[in-house]
Structure formats: C-alpha cells, structure tokens
Amino acid sequence: MWVILYGVILSISWIQIRALWKQSLKRDSFFYIFTMGLSLTILILSQLGLPIPNPLDGISIVYDPVHSLFQ
Amino acid sequence: MKKLFRLFTKKENSEQTEHQPTPIDTDLPQNLTYIKNSLGESTDIVIRKFKIGEKRTVKIAVVYTDGLVNESTVHESLLETLMSDVRQTQLSKQALNKGMYYTVRDHVLTAGELDELETLDDVLLHVLSGDTVLFLEGETKALCVSTRGWQDRGVEEPSTQAVVRGPKDGFTETLRTNTALLRRKIKDPNLWITTQAIGTKTKTDVAVVYMNGIANEKIVKEVHKRLNQINIDSLLDSGYVEELIQDETYTPFPTVYNSERPDSIAAGLLEGRVAIIVDGSPFVLLVPALFMQFFQSPEDYYQRSDFATLVRLIRFIAFFLALLTPSAYIALTTYHQEMIPTSLLINLSSQREGVPFPALVEALIMEVTFEILREAGVRLPKAVGSAISIVGALVLGQAAVEAGLVSSAMIIVVSLTAISSFVSPSFNFAISIRMLRFLFMILAATFGLFGILLGLIVLALHLASLRSFGVPYLSPLAPYITSDQKDTILRFPRWGLLTRQRLINQKNIDRENMHKPKPTSRSPKKGDSS
Amino acid sequence: MHGKEEINLRQFLLFLFLFVIGTSILLSPSSLANIAKESAWLSVVVGMMIGVAIILFYLLISIWYPDHNIVDLNRLLFGKWVGTIFTLFFIVFALVSAATVLWTIGHFMVTQMLHETPQPFIHILFMFVVIYGVYLGIETIARTSELLFPYVVLLLTIVFVFSIPSMNLNKIKPFFDIGAQDIVKGAWFDLSISTFPLMVLFMVYPKLVQEKKSVGKKVTIAYILAMLTILAATFITTTVLGVEYTHHHIYPTYVLAKTLNIEGLIQRIEVIIAVSWILTIFFKLSLYFYAAVTALSQVLKVNSYRSLTFPLGIFVIVLSLIVYPSSIYASEWNQTTWIYYSATFGVLYPLLIAIATLIRKLFKRS
C-alpha cells in the first residue's frame with residue numbers, strides 16, 4: 001500500500017514541478033521541492049522507526065510554566 | 001488542447017494566404033470547366049447551357065446540385081421563365097439597353113432571394129449548399145438564386161425527453177426549420193438570430209439565437225467569441241460544438257444543455273439563455289446550463305405545480321440512488337454490518353453465504369453486466385433491443401443467483417440503480433452518474449461509508465468549481481440566491497414565478513406582472529350589488 | 001495575493017458556524033463533563049458570553065485593517081523581521097491545528113467506524129480531499145459550504161430532536177453545585193477549541209467584513225447559533241448519558257446517537273453524527289490549511305499559493321502522524337498546553353495588535 005502511495009505522491013509532484021518549471025517559476029519549484037523533500041524525509045524516517053521529535057512536546061515545554069502558574 | 005488549436009490555426013492561415021479566390025471570367029465555357037474540374041466532374045452537379053434573348057444571342061448556363069434543390073422551383077421559376085417567358089414579354093427599351101445581365105436580374109428572375117457572386121469559390125459554395133447559379137456570357141458576375149429544398153425528415157415527435165403533456169413537435173436536421181419552430185413559439189422582434197458557417201470542409205451553418213434585451217450581453221459575446229475560436233474541418237453534430245465551447249473538458253458533468261424540444265429551448269431563451277443551433281443536428285444547445293437544470297423537465301411547467309415539485313424531488317432522490325446504491329450496499333455489508341438491522345443482516349448474510357466473491361466483485365460483475373446489456377440494447381435494432389435487454393437482465397440475473405455467483409439482494413440493488421438512472425430527464429447527465437458510480441463503489445470497498453462521504457465531498461467541490469459560461473454551475477444553490485429557489489427544486493405556481501434567474505439574466509428580471517388568480521365567486525357578497 | 005477570489009458575507013458566516021462547531025461538537029462534551037461536572041452546560045453559556053466579546057474584538061481589528069491580512073498586518077505593525085517571525089509562528093499554529101484536527105478525524109474513524117483500516121490511510125485520504133479543495137480555491141470551498149450546510153443542520157437537528165425523549169434532568173442535578181473557578185475553566189477550554197482559533201478565519205479574510213453595516217450583528221448571531229449548537233450537544237449528552245458516562249467516552253455525541261432508540265423505529269443513527277461531523281471537520285481543516293498555505297506563500301513570495309498546496313498538504317499528513325502518539329496524550333495536551341497555546345493567538349496576539357495600533361496612532365499625532 002505504501003509503495004502505491006509514494007508512487008502517487010511522486011507522480012503528482014513530478015507533474016506539478018514540471019508545470020511550474022515550464023512556466024519558469026523557479027522560486028515556486030524550489031520551495032515545492034524543498035517542502036516536499038522535507039515532508040517525505042520525515043515520513044520515511046518515521047516509517048523506519050526512527051524517533052521523530054514531536055513539535056507538540058516543544059510547545060508543551062514553552063507553556064509548562066504558564067500552566068503551573070494557573071494551577 | 002490549446003496546442004492543437006494553435007497547430008490548426010497556423011496551418012489554416014498558411015493555406016489561406018496561398019489560396020487566392022478565383023474571379024469569374026468573362027468566358028463562359030472557361031468558368032464551367034473550372035467548376036467541373038473543381039468538383040471532379042461529380043455526377044450530381046447539373047449544368048444546363050442555353051441561349052436567351054429575342055434573337056437567342058446571349059449564352060447562359062445554369063448550375064445546380066441535383067437533390068439539394070427544389071426541382072419544381074428550378075424548372076418553373078428559372079428555366080421556364082428564362083427560356084420561354086422572356087421572349088414573349090415586351091420589355092421597355094430602357095431596360096434592354098442596360099444589358100442582358102440586368103434584365104435578367106431585375107425583370108426576369110422571380111425568386112425571393114437573389115445574390116450576386118463575384119468569385120468562383122463563392123459559386124461552388126452556393127451550388128453545394130443547394131442554390132442555383134446563373135452564368136451569363138461576358139459577365140464577371142454570377143446570379144445566385146435560392147432554390148434550396150432537399151428531402152428532410154419533417155417535424156416529428158422527439159425521441160428523447162418525451163412528455164405526457166405538452167407540445168409534441170421536435171427539431172429536425174434542417175436549420176431553417178428549427179429557427180422557424182422557435183419563431184413560431186416566440187413572435188417577438190427581439191428574438192435575434194445570427195448565423196455563421198463553421199468548419200473548413202463542411203461549412204456547417206451555426207445559428208446563435210437569443211432574446212435581445214433579456215439575454216445577458218456578456219454571455220452572448222462569450223458565445224460568439226468561443227464559436228469564432230473554433231477552427232475545425234468538420235462539424236457533423238451539435239456535439240462537436242458542445243465539446244469545443246464548454247468551459248471544462250475534464251468533467252463528467254455536462255455544462256451545456258441540449259434538447260430536441262422547441263418548447264424547452266424557447267423557455268430557455270425567455271429565461272435569458274442563449275441557444276446554438278447547428279445545421280444537421282436536431283439537438284439544439286442551450287447555455288449557460290446549470291446543475292439543477294438537468295433535474296427539470298419541460299413537463300414540470302405544464303403540470304400542476306405541486307405535482308411538479310414532487311416529481312423533481314423524486315428525480316433528486318433517484319439521482320442519489322443511482323449514484324450510491326451499489327456503493328452503500330458494499331460499504332454496509334463489508335464494513336458496517338452493525339448498522340443493518342439484525343433480522344435483515346441475518347437474511348443478507350445467509351444469502352451471501354454461498355457467494356464466493358467479496359461484495360465489490362459481486363457488485364462489479366452485475367453492474368458491468370448491466371452496462372453491457374444496456375449498451376447492446378441501444379445499438380440493437382429497435383424491435384429486438386428492448387426485448388433483449390429485459391430478457392437478458394432477467395435471465396442473467398436469475399441464473400446468476402441460482403448459480404451462486406451473486407446474491408439476490410445484489411440483483412435488487414442493481415435493478416434499483418438501473419431504474420433510478422433512467423429517471424433523469426437528460427440523457428447526458430445520466431451518463432455522468434453511470435461513470436461516477438464505479439468510482440464510488442471502489443471508494444466504498446476501500447474505506448466504507450467514510451470513503452463514500454469523502455467522495456461526495458470531492459463531488460461537491462468539483463461541482464462548485466465548475467462554471468458554465470461564467471455562471472457558477474451550482475447556482476442558485478451555491479451561491480445561494482433566495483429569489484431563485486422558486487424554480488429550482490421547488491416549482492412555484494405560475495403566478496409565483498415573477499422573476500427570471502438572477503445570475504443568468506441581470507437586467508430584465510421581471511417576468512410578468514400577474515397576481516394570484518381570484519375567480520369571481522359564485523355567490524356574490526351582499527355588498528357587491530350596490 | 002488572493003487574486004480575485006472573494007467570498008461574501010453569507011459564506012463567511014457559514015464558515016464561522018462550521019468552524020466553531022467543527023471539532024467541538026464531538027470533543028467538548030467529554031472534557032467539559034470532566035472539568036465542570038454537572039455544570040458543563042453552564043460552562044458553555046459562560047464561554048459563549050465571553051466568546052461574543054472576543055469575536056467582536058476580532059471584528060474590530062478587521063475593520064481597522066480592512067486591506068491587511070495577517071502577513072501584511074504583521075509587517076506593518078512589527079516591522080519586517082519581527083513581523084515575519086510572528087507570521088511564522090502563526091503558520092506553525094495553523095499547521096499544528098490542522099494536524100491535530102486531522103489526527104482527531106483519523107482516530108475517530110479507526111476507533112468508531114473502520115476498525116481494521118490503518119489510521120495513516122484515513123489521514124491521507126482525508127487530506128487529499130482537503131488539498132483538492134484548497135487547490136480549487138476558497139470560492140469553491142465557500143460554495144461547497146453553502147451546498148452542504150443544510151445537510152449538516154438537518155442531520156444535527158434530527159439527532160437532537162430525537163434525543164429529547166431520553167433526556168433526564170436529574171442526571172445534571174444538583175445545578176450550580178460547583179465552584180465558579182471550574183466553570184470558568186470549562187468555559188476557557190470550550191473557547192480554546194471553538195473560539196480562539198477563529199482568529200485564523202478573521203485574519204485571513206479581513207476584506208469582506210467591511211461589506212455591510214450590520215456585519216457585527218450578523219457575526220454575533222452566527223456565533224451565538226453555533227455556540228447554542230455546542231450547548232445543545234453538551235446539555236443533551238450529559239442529560240441522556242450522565243456526567244460520568246459522558247466523560248469516559250472521547251466522543252460522547254457519537255455514543256449518544258448510538259444509544260438512541262425511538263420505539264424501535266429510529267435506531268442506530270450514529271452514522272448521522274459521523275456524517276455531519278466529517279463535513280464540519282472538512283471545512284475547519286480546509287480553512288486552517290488554506291490559512292497556512294496562503295500565509296506561507298506570501299512570506300516566501302511565491303507566484304501562487306497553489307504551487308505550495310500539495311507539498312504542504314503532505315507535510316500536514318506527516319505532522320498528523322507524529323503529533324499525538326495516543327489519545328491519552330491528546331486529551332492531556334489539549335487540557336494542559338492547547339488552552340494556553342490557542343489563547344496566545346486568540347487573546348494575546350489580538351491585544352498586541354490593538355496596543356501596537358494605539359501606539360502607532362499616538363506617534364502619528366505627535
């Protein structure tokens with residue numbers, strides 16, 4: 001199932017990047033590739049079972065003092 | 001698509017620059033040879049040469065296409081007048097002095113429509129359109145007389161969109177007949193018709209019809225713009241035009257309405273829509289077409305309003321049944337058994353016990369079988385068709401259940417779907433439901449009701465994104481327009497339909513000024529007598 | 001940035017309604033029953049009153065800056081660098097909200113309806129629909145909301161009306177037997193889910209709010225109606241199921257619909273709740289996502305937000321797979337961090353804008 005999914009994602013990306021490139025929107029295609037690359041990297045890493053830092057934990061750390069203040 | 005267009009236009013332009021129109025020569029035989037050669041000496045072209053004038057000095061030739069002209073017109077008002085009558089009539093000297101050409105033009109030809117042609121290409125076009133062309137020796141102009149009259153089908157009852165009550169005339173393949181049918185319904189000087197020829201080879205006449213003052217000028221302009229952009233060699237049916245002018249190609253839903261019924265088109269014109277009539281097709285196009293229009297039948301306006309509303313609701317329900325019944329069956333039996341009432345579930349599962357396939361395969365087998373039967377039924381000769389499809393469905397269904405291939409509940413589901421898909425008054429709309437049904441079945445098999453619901457959301461998004469000639473496809477539901485709800489799902493009584501649709505028509509909104517009819521009461525009140 | 005895309009006031013009000021009831025109709029009753037016990041419904045009432053004030057405050061900011069969305073506003077008030085940092089915080093907020101909402105729908109489907117489907121696939125399918133919607137544009141989403149809104153209302157009404165016979169007021173007795181502190185806490189929790197995130201809505205579409213004069217009244221009415229729906233959900237779940245039972249379930253409204261049985265005629269109508277909930281969630285998620293995508297594309301100065309829609313959508317899917325390791329973590333985080341996190345954007349940030357505006361005006365005068 002995951003293989004099909006990656007196939008779908010990559011083919012959609014390929015079509016869209018090519019369209020962007022043809023319109024010579026280099027900035028758009030750069031950020032497209034960057035965001036997509038970042039997302040896919042995290043996805044693959046999490047599938048390999050590597051621990052991904054949860055952004056919510058970070059937010060929790062910031063707000064912990066506030067929480068204890070209100071308790 | 002656009003690239004293709006560009007290719008077309010480029011080619012066309014280069015052709016046009018090379019091809020110079022040939023002028024008519026003073027030498028009569030040379031003209032005739034040119035015509036003969038251009039047409040490859042086709043046998044249906046008739047060329048009649050003779051001499052006219054008091055002393056039979058002027059050579060003349062008449063050219064027409066056999067079968068496209070009205071024979072009696074050509075014989076009586078052309079050949080006869082030219083050959084015999086001219087000699088008997090005494091013409092004033094003044095008329096004769098001007099030359100034979102003018103005599104013939106102004107005094108001899110009794111036809112209503114007369115044209116002067118200057119190039120041989122025009123001559124060819126007119127001859128091939130059914131006109132008769134006269135050549136005179138020594139003239140650089142040819143006279144073209146409208147003698148069009150070919151065998152056509154005549155006005156018959158339309159085979160699609162049948163009504164129980166309402167006019168029974170239908171459009172034919174002849175453009176003139178069709179415009180005449182519309183004129184007969186709307187005797188208003190504001191019914192404007194413009195015609196242009198489209199198709200480099202077929203030169204098909206395409207007429208744009210609208211009510212001046214009611215139709216939105218932007219939409220009329222847009223229609224003309226899109227028609228002018230068409231650059232194609234042939235135009236054999238209005239389906240070609242529909243595909244070339246629609247807003248969105250990649251959608252299962254039609255964004256152009258078509259009808260064989262003059263009353264339906266006339267009603268559309270009076271609502272401010274624009275009709276496109278293509279010569280050679282009894283299906284007249286109407287734009288802009290909205291989603292809700294495909295749930296409405298012309299008959300809704302001829303029946304009582306409460307009944308019409310009810311029928312529209314039934315069509316709406318049938319739309320969802322046709323779309324979702326098989327997928328709901330799959331989803332419920334595969335993922336959500338707990339939602340089926342227990343007794344029904346026991347029945348269902350005992351039926352499905354012997355079936356070796358999962359519900360999706362079972363449903364696909366039956367749905368595909370049904371589609372095949374239906375397609376076969378359409379193509380078969382009429383007499384055999386309906387019998388084959390009914391017998392096929394019954395026998396196949398029965399046998400499939402007995403053989404244990406499908407459950408009998410599945411047969412019910414398929415029949416329900418089939419019947420529901422016939423309810424839609426518009427054939428091309430029913431096609432879109434047929435196609436989408438299979439997508440929903442796959443979604444149901446993979447994600448159950450969740451998949452169906454997401455499919456519906458995507459469908460809603462897609463419909464909301466569509467536009468037909470600039471008008472949102474889902475209006476007046478989305479964007480919601482309160483005043484237009486009177487004639488969308490509901491059909492208000494006629495005295496309630498006071499305004500035209502907002503988005504289609506923006507300036508001439510008031511439709512009529514009519515109050516609820518109050519018949520004079522049978523027993524007049526006492527005060528009335530005074 | 002938005003090009004020609006515009007939505008009208010009616011569509012905005014529908015967005016507001018759907019946004020408020022989006023997640024809260026299914027999630028709020030449980031947590032409220034936990035915090036405010038028998039007075040859960042009172043918490044919603046208190047929340048509604050505070051919420052009206054907050055909403056009008058947002059509206060005020062929109063009226064002050066009719067031509068500025070959040071990115072322009074940040075740049076105008078806080079300068080290029082600080083403003084961009086604020087915008088990035090806002091984008092993170094929108095993305096995190098979107099991811100948590102997506103996780104919630106996935107969790108709900110897996111635990112309640114599709115027991116055997118892996119949760120990631122539900123996230124992916126749902127997000128693909130959202131991506132498609134955002135790709136088609138906000139006008140399309142607005143029209144879709146107009147099309148689907150009647151069904152949401154109809155379905156919810158059916159559930160509410162049919163649960164009236166099973167209501168038992170004794171279950172929420174004694175009334176008012178809880179400290180004001182807990183009620184306010186409950187109200188705050190409710191606001192953090194339903195009202196504070198509305199900042200996103202107001203900040204992305206400020207333009208349309210200047211359309212008509214009675215906009216304040218209309219927005220308030222729409223908001224109150226939405227909050228009344230939540231109130232009804234809370235009141236009905238607690239009176240039908242009881243306080244204990246309500247807070248033991250994550251999705252009490254769904255359970256409520258499951259238990260309904262009217263004379264054997266109407267039963268097992270939980271699918272109705274599921275359908276209406278998925279519809280509202282879809283709009284909430286789309287609006288969060290649209291806000292994130294448009295803000296990000298404006299910061300990055302790309303040609304069109306559409307070019308970033310698909311990759312950012314995949315990013316939201318990835319984020320949704322890692323944000324909540326479990327439902328316990330989710331409810332814990334919602335009650336300890338989310339209430340402050342959303343308050344930062346829902347209360348603190350607008351206050352900051354107001355103060356900055358005042359300072360600017362003072363400077364201009366002197």
Side-chain angles (χ1 to χ4, degrees), chain A residues 1-47 49-71, chain C residues 89 92-93 95-97 99-100 103 117-118 120-121 123-125 128 131-132 135 181 184-185 188 293 296-297 299-325 329-330 332-344 348:
Chain A
M1 262 325 260
W2 281 103
V3 180
I4 299 172
L5 203 89
Y6 281 116
V8 169
I9 292 174
L10 288 178
S11 45
I12 293 177
S13 316
W14 173 245
I15 293 167
Q16 292 200 323
I17 292 172
R18 230 179 47 165
L20 288 176
W21 200 253
K22 269 189 185 166
Q23 292 173 301
S24 62
L25 297 168
K26 292 204 173 130
R27 203 181 167 84
D28 289 34
S29 31
F30 169 73
F31 283 117
Y32 192 107
I33 294 167
F34 177 77
T35 322
M36 188 52 102
L38 184 75
S39 316
L40 286 182
T41 316
I42 301 173
L43 188 61
I44 292 166
L45 286 182
S46 76
Q47 293 224 321
L50 285 151
I52 310 287
N54 185 348
L56 297 201
D57 287 336
I59 298 169
S60 288
I61 292 165
V62 175
Y63 284 95
D64 250 358
V66 188
H67 180 61
S68 41
L69 193 76
F70 275 91
Q71 269 324 99
Chain C
F89 277 139
V92 169
F93 174 69
L95 283 177
V96 165
S97 311
T100 52
W103 181 88
T117 315
F121 290 109
H123 292 204
I124 290 162
L125 188 72
F128 267 47
I131 292 170
Y132 178 66
Y135 197 83
Q181 205 194 349
V184 173
K185 245 189 187 175
W188 189 1
V293 175
L296 186 67
S297 57
V299 169
L300 297 180
K301 288 183 187 133
V302 294
N303 185 45
S304 156
Y305 79 87
R306 287 193 171 79
S307 40
L308 285 183
T309 307
F310 187 64
L312 206 66
I314 301 294
F315 185 75
V316 171
I317 294 174
V318 174
L319 203 58
S320 75
L321 295 178
I322 56 176
V323 280
Y324 290 150
Y329 182 97
E332 173 85 14
W333 196 80
N334 272 342
Q335 289 183 21
T336 58
T337 310
W338 171 256
I339 49 172
Y340 308 109
Y341 187 41
S342 74
T344 312
L348 211 59

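A quick note: this is a predicted structure, and the numbers were derived from the prediction, not measured.
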**Message:** Only pairs of heavy atoms separated by less than 4.5 Å count here; which of Trp338(C), Phe315(C), Trp333(C) has the most with chain A?
**Reply:** Trp333(C)
**Item:** Greatest number of heavy atom pairs closer than 4.5 Å to chain A - which of Leu300(C), Thr344(C), Thr336(C)
**Value:**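 Going by pairs under 4.5 Å, I would pick Leu300(C).
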**Asked** Any side-chain donor paired with an acceptor under 3.5 Å for Tyr340(C) and Asp64(A)?
**Response**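 Side-chain D/A pair, Tyr340(C) to Asp64(A): absent.
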From [X] atom [atom1] to [Y] atom [atom2], the distance as rounded to the nearest 0.5 Å:
X         : Y         : atom1 : atom2 : result
Gln23(A)  : Ser307(C) : CD    : OG    : 9.0 Å
Thr337(C) : Ile61(A)  : OG1   : CD1   : 10.0 Å
Phe121(C) : Met1(A)   : CZ    : CE    : 4.5 Å

**Item:** CA sep, side-chain torsions, deciding dist, call: Tyr329(C), Asn54(A), side-chain contact (heavy atoms from CB on, under 4.5 Å)
**Value:** CA-CA 12 Å; Tyr329(C) 182 97; Asn54(A) 185 348; 3.7 Å; yes
Contacting region of [X] [heavy-atom separation from chain A under 4.5 Å]:
X         : answer
Ile124(C) : side chain
Leu296(C) : neither
Ile314(C) : both
Glu332(C) : neither

**Fill in**
What one should report as the nearest heavy-atom pair of Ile322(C) and Pro53(A) is CD1-O, 4.3 Å
**With sequence neighbours excluded, residues passing ring-ring contact (aromatic ring centres under 6.0 Å, His included) with Tyr63(A)** = Tyr341(C)
**Asked** Between Thr309(C) and Tyr32(A), does a side-chain contact (heavy atoms from CB on, under 4.5 Å) hold up when you go through it step by step?
**Response** CA-CA 9 Å; Thr309(C) 307; Tyr32(A) 192 107; over 6 Å; no
**Message:** Please classify the contact of Ile59(A) with chain C as side chain, backbone, both or neither, using a heavy-atom distance under 4.5 Å.
**Reply:** both
**Message:** Using a 3.5 Å distance criterion without hydrogens, assess whether the side chain of Asp28(A) forms a donor-acceptor pair with backbone atoms of Asn303(C).
**Reply:**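 Yes; judged by distance alone, with no hydrogens or angles, the pair exists.
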**Asked** When you look at CZ of Phe89(C), are more than 12 heavy atoms from neighbouring residues, nucleotides or ligands closer to it than 6.0 Å?
**Response**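 Not more than 12 within 6.0 Å, no.
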**Request:** State, with a plain yes or no, whether a side-chain heavy atom of Leu56(A) is found less than 4.5 Å away from one of Val96(C).
**Result:**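 SC-SC contact between Leu56(A) and Val96(C) confirmed.
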Under 3.5 Å, sequence neighbours excluded: what are the donor-acceptor pairs made by side chains of residues 33-47 of chain A?
{"residue": "Thr35(A)", "atom": "OG1", "partner": "Phe31(A)", "partner atom": "O", "Å": "2.5"}
{"residue": "Ser39(A)", "atom": "OG", "partner": "Thr35(A)", "partner atom": "O", "Å": "2.7"}
{"residue": "Thr41(A)", "atom": "OG1", "partner": "Gly37(A)", "partner atom": "O", "Å": "2.4"}
{"residue": "Ser46(A)", "atom": "OG", "partner": "Ile42(A)", "partner atom": "O", "Å": "3.4"}
{"residue": "Ser46(A)", "atom": "OG", "partner": "Leu43(A)", "partner atom": "O", "Å": "2.9"}

